[in-house]
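Just so you know, these numbers use all the heavy atoms, side chains as well, and skip hydrogens, waters and symmetry mates.
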Amino acid sequence: MNPRNARFAVWLVFGIALLFNVIFWKEKMGINTAIFDLAVLIIIFILYPTAKNSAAVRWLVVGHLICVAMIVIHNSALSKIAYSTTLLLVVAFSQYVHRSVLFATGSILQNIVFAVPNFIDQFPAHTHAKPSSFRFSRRLRLALIPIILVLVFVVIYSSANSIFSKIVSSFITTVGDFFANFSDFISIPRLGFFVLGLFIAIVILLKSRANYFSKKESKLSDDLVRRRTSVYQSGGFAEFITSIMGRAGKGMLALKNANTIGLISIILLNLLLLVVNGIDISYIWMGIDVSTTNLYEMIHNGTELLIISILLAILVLLLVFKGNLNFYRGSKQLKIAAYCWIIQNIILVVSVLLRDIYYIRETGLAYKRVGVLFYLALVCVGLLSVLIKISRRKSIYFLLRVNTWAVMILLVFSTTINWDEYIASYNFNHKNEIIMPVGFMVTLSGKAIPLLDQNRAALIEHKVKLKSLDQWNYNCEDCYLKVLDEQIRQYKLEHGTNKYTWLSWNSAD
């Protein structure tokens with residue numbers, strides 16, 4: 001960046017820091033977030049004009065604007081996390097050349113670590129310009145006569161027009177109040193908040209000179225490239241087999257031996273998983289007797305272990321199909337066995353999904369039960385991407401790129417639902433069909449308070465059903481209502497009269 005552009009960037013950094021200070025000081029995120037975001041996006045595309053040509057940037061901006069809208073509409077913690085995440089990714093993809101979320105995250109961390117040096121770099125070591133004091137005095141002399149003329153005519157018009165006089169008096173009073181309260185603006189806490197805003201502005205507006213992650217990613221490809229190795233080393237799983245088998249695994253037979261061992265291993269794992277899936281299909285898919293089943297143990301113990309097993313299955317396939325074994329001509333049967341293993345793991349995902357659905361059907365919605373649904377969606381993306389990796393000889397980089405983008409898409413989508421309100425609404429609508437998790441529901445955020453307050457009778461009614469299932473059970477009869485009343489009291493205390501201005505406005509509140 002040349003000195004002139006660097007000075008311009010510095011002024012923009014200070015401008016964003018000042019804007020941050022004015023609209024967020026003693027406010028919560030709301031309309032102010034949309035104002036701040038609009039200013040930041042405009043400046044990013046001014047400083048980095050080529051960014052608008054990137055399809056990734058355009059899609060990220062769309063997702064980011066959805067998150068901004070959800071802050072104004074839902075104002076949930078999830079929408080705020082998604083907003084911050086997508087904003088930083090927009091910054092990373094605008095400033096650097098990236099294709100994956102993972103490496104873009106590295107570039108943002110680089111901006112954070114080197115924020116102070118990046119800011120100092122914007123100031124030139126020397127300048128031959130005229131002294132600033134000389135320029136200021138010259139401009140002051142030029143403005144002196146116009147200022148005097150304006151003041152004279154303001155006095156005349158004020159005397160001749162009472163309405164204009166009131167406007168002038170109001171303006172003078174406002175200016176006077178500003179200077180009277182200026183000590184609040186320059187208080188130590190406010191200065192600290194300005195420093196925070198300055199740091200945030202530096203991170204999101206100034207690009208680091210060290211393009212480490214961008215350069216690193218530019219060397220990576222979605223497609224695997226066969227390594228020309230010695231006859232004693234074939235890469236990946238073959239090298240691991242060589243280290244175990246010694247001489248028997250060396251030379252031209254290394255890939256063949258690795259293929260054979262991998263094939264036997266995956267066939268045995270397929271047979272083992274076939275038994276597990278057979279049990280699940282007969283026991284869970286064909287219907288489950290709720291009266292004789294411990295649903296809590298089934299979902300909390302069984303689901304966690306099955307999810308771990310699916311992740312380990314993905315890891316096994318990545319270890320086997322690493323290195324030159326991907327290019328071995330005799331690996332057709334190994335690939336077929338791997339496809340069967342992936343399909344069986346997808347069946348296992350369905351079994352886990354049914355477990356979660358049964359639990360929701362009997363005991364209602366809660367955060368973790370919804371989280372399992374999202375997690376299973378990501379697991380399916382992971383399994384399908386591994387299948388593509390094996391069939392089309394894709395790299396680990398391809399897997400990381402595809403799956404991190406899937407995480408981001410799911411994160412943006414998840415912000416479009418007010419989960420606290422949705423969970424409360426679902427549970428109350430199905431109150432005659434489920435054993436409602438009352439202890440959990442009264443701890444929901446303020447977004448669900450109106451629904452909870454309107455359904456106090458249902459909360460008391462379901463208390464008697466919670467003795468065997470609810471881990472938030474209380475001994476006293478009205479403890480749930482006391483928790484709800486405390487939630488309401490805290491909300492009113494936090495959102496008291498005149499505590500926030502219009503800058504914090506959001507639809508949820």
K.L.:
Does a side-chain heavy-atom distance below 4.5 Å link Val72 with Thr33?
P.N.:
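Side-chain contact under 4.5 Å: no.
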K.L.:
Take Phe193 and Phe24 through the ring pair (Phe, Tyr, Trp, His ring centres under 6.0 Å) test and state the conclusion after the steps.
P.N.:
CA-CA 9 Å; Phe193 194 70; Phe24 285 112; 7.6 Å; no
K.L.:
Would you say Ser94's side chain and Val90's backbone share a donor-acceptor pair under 3.5 angstrom?
P.N.:
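It does hold such a pair.
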K.L.:
In the structure I gave you, are the side-chain heavy atoms of Phe428 and Met436 within less than 4.5 Å of one another anywhere?
P.N.:
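Heavy-atom side-chain distance check passes, below 4.5 Å.
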K.L.:
Should Trp419 and Ser76 be marked as a side-chain contact (heavy atoms from CB on, under 4.5 Å) after you check the CA-CA gap, both sets of side-chain angles, and the distance that decides it?
P.N.:
CA-CA 8 Å; Trp419 289 107; Ser76 63; over 6 Å; no
K.L.:
For the atom pair OH (Tyr358) and CG (Leu353), what is the distance rounded to the nearest 0.5 Å?
P.N.:
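Interatomic distance, Tyr358 OH to Leu353 CG, rounded to 0.5 Å: 10.0 Å.
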K.L.:
Counting neighbours of CZ on Phe413 that are heavy atoms of other residues, nucleotides or ligands and sit closer than 6.0 Å, is the number greater than 12?
P.N.:
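No - once you tally the heavy atoms of other residues, nucleotides and ligands closer than 6.0 Å, there are 12 at most.
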K.L.:
For the CD1 atom of Ile81 and the OG1 atom of Thr85, what is their distance to the nearest 0.5 Å?
P.N.:
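It comes to 7.0 Å.
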K.L.:
Between the side chain of Trp25 and the main-chain N/O of Phe194, is any donor-acceptor distance below 3.5 Å?
P.N.:
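Here the side-chain-to-backbone pair does not exist.
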K.L.:
Taking all heavy atoms of Val22 and all of Arg190, pick out the closest pair and write down the distance.
P.N.:
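In this case the closest contact between Val22 and Arg190 is CA-NH2, 4.0 Å.
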K.L.:
Return yes if some donor-acceptor pair links the side-chain N/O of Lys389 with the main-chain N/O of Lys394 below 3.5 Å, else return no.
P.N.:
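Side chain of Lys389 to backbone of Lys394, a donor-acceptor pair under 3.5 Å: yes, one is there.
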K.L.:
Compute the centroid of each ring, for Phe119 and then for Phe199, and state whether the two points are separated by less than 6.0 Å.
P.N.:
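No, the ring of Phe119 stays outside the 6.0 Å limit from the ring of Phe199, centre to centre.
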K.L.:
Does atom OH of Tyr367 have more than 12 heavy-atom neighbours, drawn from other residues, nucleotides or ligands, at distances under 6.0 Å?
P.N.:
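Count over threshold, so yes.
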K.L.:
Does Ser214 reach the main-chain N or O of Val97 with its side chain, forming a donor-acceptor pair under 3.5 Å?
P.N.:
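Side chain of Ser214 to backbone of Val97, a donor-acceptor pair under 3.5 Å: yes, one is there.
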K.L.:
Measuring from atom CZ of Phe213 to atom CD1 of Ile108, what distance do you get when rounded to the nearest 0.5 angstrom?
P.N.:
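Rounded to the nearest 0.5 Å, the CZ-CD1 separation comes to 11.0 Å.
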K.L.:
Can Asn111 and Tyr96 be counted as having a side-chain donor-acceptor contact under 3.5 angstrom?
P.N.:
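Per modelled atom types, Asn111 and Tyr96 side chains form a pair under 3.5 Å.
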K.L.:
Determine yes or no for a side-chain-to-main-chain donor-acceptor pair under 3.5 angstrom, with Ser218 supplying the side chain and Lys215 the backbone.
P.N.:
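Confirmed, Ser218 side chain pairs with Lys215 backbone.
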K.L.:
Below 4.5 Å, heavy atoms only, C-beta onward: do Thr363 and Arg369 meet side chain to side chain?
P.N.:
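Touching, per the 4.5 Å side-chain cut-off.
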K.L.:
Do any N or O atoms from the side chain of Thr415 and from the backbone of Ser79 form a donor-acceptor pair under 3.5 angstrom?
P.N.:
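It does not hold such a pair.
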K.L.:
Are Asp356 and Ile360 packed together at the side-chain level, in the sense that at least one heavy-atom pair is separated by less than 4.5 angstrom?
P.N.:
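Of all side-chain heavy-atom pairs linking Ile360 with Asp356, at least one is under 4.5 Å.
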K.L.:
Side-chain contact test, heavy atoms from C-beta onward, threshold under 4.5 Å: evaluate it for Lys80 versus Ser84 and give yes or no.
P.N.:
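Answer no - side chains too far apart.
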K.L.:
Which atoms form the tightest heavy-atom contact between Asp453 and Arg456, and what is the distance?
P.N.:
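In this case the closest contact between Asp453 and Arg456 is OD1-NE, 2.7 Å.
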K.L.:
Counting neighbours of CZ on Phe374 that are heavy atoms of other residues, nucleotides or ligands and sit closer than 6.0 Å, is the number greater than 12?
P.N.:
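More than 12 heavy atoms, drawn from other residues, nucleotides or ligands, come within 6.0 Å of this atom.
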K.L.:
What are the two closest non-hydrogen atoms of Lys447 and Asp420, and how far apart are they?
P.N.:
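What the structure gives for the nearest pair is CB-CB, 4.2 Å.
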K.L.:
Where do Leu65 and Asp37 come nearest, in terms of heavy atoms and distance?
P.N.:
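Closest heavy-atom pair between Leu65 and Asp37: CD2-OD2, 4.1 Å.
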K.L.:
Go through the steps to decide whether Arg209 and Asn118 satisfy the test side-chain contact (heavy atoms from CB on, under 4.5 Å), and finish with yes or no.
P.N.:
CA-CA 8 Å; Arg209 290 186 179 181; Asn118 292 343; 5.6 Å; no
K.L.:
Tell me if a side-chain donor or acceptor on His64 pairs with a main-chain N or O of Leu60 at a distance below 3.5 Å.
P.N.:
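It does not hold such a pair.
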K.L.:
Assess, by modelled atom type and distance only, whether the side chains of Tyr397 and Asp223 contain a donor and an acceptor separated by less than 3.5 Å.
P.N.:
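Judged by distance alone, the side chains do not pair up.
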K.L.:
How about Thr416 and Met70: do any of their side-chain heavy atoms sit closer than 4.5 Å?
P.N.:
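Yes - at least one pair of side-chain heavy atoms lies under 4.5 Å apart.
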K.L.:
Decide yes or no on side-chain contact (heavy atoms from CB on, under 4.5 Å) for Leu205 and Ile44, but give the supporting numbers first.
P.N.:
CA-CA 6 Å; Leu205 297 184; Ile44 284 175; 4.1 Å; yes
K.L.:
Drop me the distance from Ile16's CD1 to Ile204's CD1, to the nearest 0.5 angstrom.
P.N.:
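Rounded to the nearest 0.5 Å, the CD1-CD1 separation comes to 6.5 Å.
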K.L.:
Calculate, to the nearest 0.5 Å, the distance between atoms CG and CG belonging to Leu102 and Leu399 respectively.
P.N.:
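Separation between the atoms: 12.0 Å.
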K.L.:
Taking Glu433 for the side chain and Arg361 for the main chain, is one N or O donor matched with an acceptor at less than 3.5 Å?
P.N.:
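Not at all, since once roles are kept as given, no pair shorter than 3.5 Å links the two residues.
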K.L.:
Could you check whether any side-chain N or O of Lys166 sits under 3.5 Å from a backbone N or O of Ile163, counting only pairs where one atom can act as donor and the other as acceptor?
P.N.:
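No; judged by distance alone, with no hydrogens or angles, the pair does not exist.
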K.L.:
Does Phe114 reach the side chain of Gln110, with side-chain heavy atoms less than 4.5 Å apart?
P.N.:
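Answer yes - side chains close enough.
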K.L.:
Of the non-hydrogen atoms in Glu217 and His98, which two are nearest, and what is the gap between them?
P.N.:
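Here Glu217 and His98 meet closest at OE1-ND1, 2.6 Å.
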K.L.:
Locate the shortest heavy-atom distance separating Gly382 from Ile314; write the atom from each residue and the value.
P.N.:
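Residues Gly382 and Ile314, closest heavy atoms: C-CD1, 4.3 Å.
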K.L.:
In Å, rounded to the nearest 0.5 Å, how long is the span from CG of Leu47 to CG of Leu206?
P.N.:
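It comes to 7.5 Å.
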K.L.:
Using side-chain contact (heavy atoms from CB on, under 4.5 Å), reason through Ile346 and Leu384 one step at a time and then give a plain yes or no.
P.N.:
CA-CA 9 Å; Ile346 292 176; Leu384 292 175; 4.1 Å; yes
K.L.:
Check each of Asn345, Leu378, Leu348 against Leu383 using the side-chain contact (heavy atoms from CB on, under 4.5 Å) test, and report the only one that passes.
P.N.:
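For Leu383, the side-chain contact (heavy atoms from CB on, under 4.5 Å) test succeeds with only one of Asn345, Leu378, Leu348, which is Asn345.
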K.L.:
Does any part of the side chain of Tyr48, heavy atoms only, come nearer than 4.5 Å to the side chain of Lys207, both counted from C-beta?
P.N.:
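Contact flag for Lys207/Tyr48 side chains = yes.
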K.L.:
Is there a donor in the side chain of Ser107 and an acceptor in the side chain of Gln95, or the other way round, less than 3.5 Å apart?
P.N.:
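There is no such pair (donor and acceptor under 3.5 Å, judged by atom type) between the side chains of Ser107 and Gln95.
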K.L.:
Partners of Val350 by side chain to side chain contact (heavy atoms under 4.5 Å, CB included), sequence neighbours excluded?
P.N.:
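Val350: side chain to side chain contact (heavy atoms under 4.5 Å, CB included) contacts with Trp285, Leu354.
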K.L.:
For the backbone of Thr50 and the side chain of Ser54, can you confirm whether one donor and one acceptor N or O come within less than 3.5 Å of each other?
P.N.:
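Side chain of Ser54 to backbone of Thr50, a donor-acceptor pair under 3.5 Å: no, none is there.
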